[in-house]
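Single-structure report; data block below.
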Amino acid sequence: MFLPILFIFSLLPFSHSAVQDFCVGDLALPDNPAGYPCKKPSKVTVDDFVYSALGVAGNTSNLIKAAVTPAFVTQFPGLNGLGLSLARLDLAVDGVVPMHTHPGASEVLFVLEGTICAGFISSADNVVYFQALNKGDIMIFPQGLLHFQINSGEGVAIAIVSFSSPSPGLQITDFALFGNNLPTELVVKTTFLDEAQVKKLKGVLGGTG
């Protein structure tokens, strides 16, 4: 009974020489949809697999009172080709990560400290799923869906975020609408906001036009 199975396996293109344990990204070369080209094995060191920046608090002295410290492939080349990445999220009191998407990855958020109100909006019926998360809680944000995080506690909030891609991508809705040179009249027509509101938001977020 084992002969048919053995025959099938004998047809498969198995080759130990084709098996590759890792592909540390060579950031000196251009990336492509599959990631960065692999660094030569002789150039790989243990430092390519260790990253310490997530142990340091980010600077939250900004408009949104939030800081994201990434551990993406461009900071942590050992992630290249592994289908994952990480980031640290720091939220000062009243800090917020505005509505945004990650076109290239799903996200898992793990709260280390504080309370974070987090949620996402489904694309089918615009159903909102949100909840206040406390220390130890985890929430999933499916790939490409609009989502947000707000510090809803009385102190700082810290979380570790995991992504299902070494390069998840990011588009913040507010900046996409008001932080560029899209003409004001087009923004007015596509958002139903009045001209004064649009110009105010462009002024705050650095947009022109």
Determine whether more than 12 heavy atoms belonging to other residues, nucleotides or ligands lie under 6.0 Å from atom CD of Glu195. no
Taking the side chain as every heavy atom from C-beta outward, state whether His147 and His102 have any pair of such atoms under 4.5 Å apart. yes
Hey, is CD1 on Ile140 packed in by over 12 heavy atoms from elsewhere, all under 6.0 Å? no
Test side-chain contact (heavy atoms from CB on, under 4.5 Å), reference Ile160, set Val108, Leu112, Leu109, Thr69, output is Leu112
Taking atom types as modelled, is there a side-chain donor on His100 or Gln171 under 3.5 Å from an acceptor on the other? no
May I ask you to check whether over 12 heavy atoms, not counting those of Tyr51, lie within 6.0 Å of atom OH? yes
Is the CD atom of Gln197 crowded by more than 12 outside heavy atoms at less than 6.0 Å? yes
Answer with yes or no whether the hydrophobic clustering places Phe72 together with Phe76; edges join I, L, V, M, F, W, Y residues whose side-chain heavy atoms lie under 4.5 Å apart. no
Going by the angle between their ring planes, with limits at 30° and 60°, are Phe141 and Phe120 parallel, tilted or perpendicular? perpendicular
Determine whether Asp174 and Leu201 make a side-chain contact, defined as any pair of heavy atoms from C-beta on separated by less than 4.5 Å. no
Using a 4.5 Å cut-off on heavy atoms from C-beta on, say whether the side chain of Ile150 contacts that of Phe148. yes
Please round to the nearest 0.5 Å and tell me the distance separating atom CG of Leu54 and atom CG of Asp90. 10.0 Å
For Tyr129, I'd like to know if atom OH has over 12 heavy atoms of other residues, nucleotides or ligands within 6.0 Å. no
